[in-house]
Every structure is written in structure tokens, then in C-alpha cells.
Amino acid sequence: MKIIFATNNAHKLSEVQAVLGDGYELVTPRQCGIDEEIPETAETLEGNARQKARYLFERTGLDCFADDTGLEVEALNGAPGVHSARYATDGHDFAANNRLLLKNLAGEENRRARFRTVICLIEQGKEHLFEGIVEGRIIDHEAGSEGFGYDPLFVPEGFDRTFAEMSAEQKNGISHRGRAVRKLVDYLHQTEK
């Protein structure tokens, strides 16, 4: 089954494809002739996921899904949250985002944080939302070279390594995006019956 996924991010694409498995072929917006940046102007993760999915559906009429993910840090009142990708700059500058996060948490004892992903699926014109959350903490230095974004700073609950110190398979097994995608897959399998 082909389904459009609202991303051109190769890391995210391979992460989601690994969880979806062989029964699904992810198609990118670029492969559908959509080269422009898909808008993300909502003030919530749910709002951004909906906005991106609707944008694709309106242009293609095909089943599609979009996600939005945020790192929510307790001591920063949930920031960077919906602004996680553009925390330090207008672009997706992972290094600058990580530096700003560490600066804003300097001297802070409460390092509790969570990653939250919301997926909006539009299937035959109907919207469905799926959420995945992983609790953890932010360490005071980067560790590991795998993954992307805040992965070198985030240690999931019950582990002593950052996401960036885990293999893609290990991370997908416990990550916020993996959890949301598994809910999406469960739903898709139920509707196939």
C-alpha cells in the first residue's frame, strides 16, 4: 500500500519506514511534485500535524499522514515544544538548538523532559490522530552520534544512554515516533480486515 508521508527528512523517513514494515511504501511530497515547504504555523503539535496532512490531501486527494514532534522540558514550561525544530534559528539547525537548550538549562536541577509525536492520518477524507510519548531527561552534554535533533541530549526513562547512543532499531523500539507509528499501523491493519 502506498501512502504519502509529509516529510522530505531522510532520517525521519527511514525511521518511520522501519516501523511500518514492508507492507507499506512511503511516498514523499517531492515524489508527488510538491516541492514547496509545507506550512507549519499552528501553535500545537496536533495543529501542525493536521495542517500538513490537509495540505497534502488538498493537493493530491490521496491518503496521507503527517507528524509533528516536540521536546517538552518540564523546567522550561514545556519549551521548546511545538517550536523544537526552530528553537534557536529559523532553519533546522540541530547543533544550535542543542546549544540553546543546554544554555537554558544551565544550573537547573530538574532535567525531566518528554518527546511527544502526534500523527494525523487522512484516509479517504477522514482524519485520525495518533500520539506517542516517551518520558526521560536531558543530560548536560551531548553523547552519541546516531539519530538527529535532540537525540544526543535525551536519555529515555529506564535507560542510561541517549537516543544518539542507540542503534536505529533500539531507538525505534521505544521512541515517541515509533509509538505513534505503531498506533497508526495497528489502525491501518484493522481497517484492512
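When reading the values below, keep in mind they use all heavy atoms of this one structure, side chains included, and skip hydrogens, waters and symmetry mates.
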Practice item. Verify the distance criterion only: is there a donor paired with an acceptor across the side chains of Q17 and Y24 at less than 3.5 Å? Key: no
Exercise for review: Indicate yes or no: at least one non-hydrogen side-chain atom of L101 is less than 4.5 angstrom from one of V73.
Suggested key: yes
Check your understanding: Does NZ or CZ of R59 come closer than 6.0 Å to the centre of the six-membered ring of Y55, within 45° of the ring's axis?
Key -> yes
Practice item. Evaluate the side-chain proximity of P80 to N97: yes if any heavy-atom separation is below 4.5 Å, no if none is. Key: no
**Study point:** D67 backbone acceptor or donor facing K52 side chain under 3.5 Å
**Key:** yes
Review point. Considering only heavy atoms from C-beta outward, does the side chain of L26 approach that of L20 to under 4.5 Å?
Key: yes
Check your understanding: Does some side-chain heavy atom of S145 sit less than 4.5 Å from a side-chain heavy atom of E165?
Key -> no
Review point. Does some side-chain heavy atom of T28 sit less than 4.5 Å from a side-chain heavy atom of L13?
Key: yes
Practice item. Nearest 0.5 Å please: distance from the CZ atom of R54 over to the SG atom of C120. Key: 6.5 Å
Review point. So, are E146 and K171 salt-bridged, with charged N and O less than 4.0 Å apart?
Key: no
Review point. For E169, does the CD atom sit with more than 12 other heavy atoms under 6.0 Å from it, leaving out its own atoms?
Key: no
Check your understanding: How far does CG of D63 sit from CG of L121, to the nearest 0.5 angstrom?
Key -> 6.5 Å
Review point. So do E131 and T117 actually touch side chain to side chain, heavy atoms under 4.5 Å?
Key: no
Check your understanding: Under a 4.5 Å side-chain heavy-atom rule over Ile, Leu, Val, Met, Phe, Trp and Tyr, are Y187 and I119 clustered together?
Key -> yes
Exercise for review: Check the hydrophobic clustering (I, L, V, M, F, W, Y; side-chain heavy atoms under 4.5 Å; chains of links allowed) and say if M166 and F115 are grouped together.
Suggested key: yes
Point to revise | Donor-acceptor contact present, side-chain R111 to main-chain R137, <3.5 Å | key: no
Check your understanding: Going from CD on E74 to CG on N110, what distance comes out if it is rounded to the nearest 0.5 angstrom?
Key -> 4.5 Å
Check your understanding: Does the D140 side chain pair with the main chain of L102, one donor and one acceptor, at a distance under 3.5 Å?
Key -> no
Practice item. Would you mind reporting whether R179 and F130 have side-chain heavy atoms less than 4.5 Å apart? Key: no
Point to revise | Side chain to side chain, I3 and E25, heavy atoms closer than 4.5 Å | key: no
Check your understanding: Does the side chain of Y150 come under 3.5 Å of the side chain of E142 through a donor N or O and an acceptor N or O?
Key -> no
Exercise for review: Could you tell me the separation between the CZ atom of R161 and the CD1 atom of I139, rounded to the nearest 0.5 Å?
Suggested key: 12.5 Å
Review point. Do side-chain atoms of D68 reach the backbone of V118 as a donor and acceptor pair under 3.5 angstrom?
Key: no
Point to revise | Salt bridge present between E40 and R86 (N-O < 4.0 angstrom) | key: yes
Practice item. Kindly compute the distance separating CD (E72) from CD1 (I133), expressed to the nearest 0.5 Å. Key: 7.5 Å
Review point. Got a sec: does the CG of D90 have more than 12 other heavy atoms crowding it under 6.0 Å?
Key: no
Point to revise | Side chains of R177 and T69, donor plus acceptor under 3.5 Å | key: yes
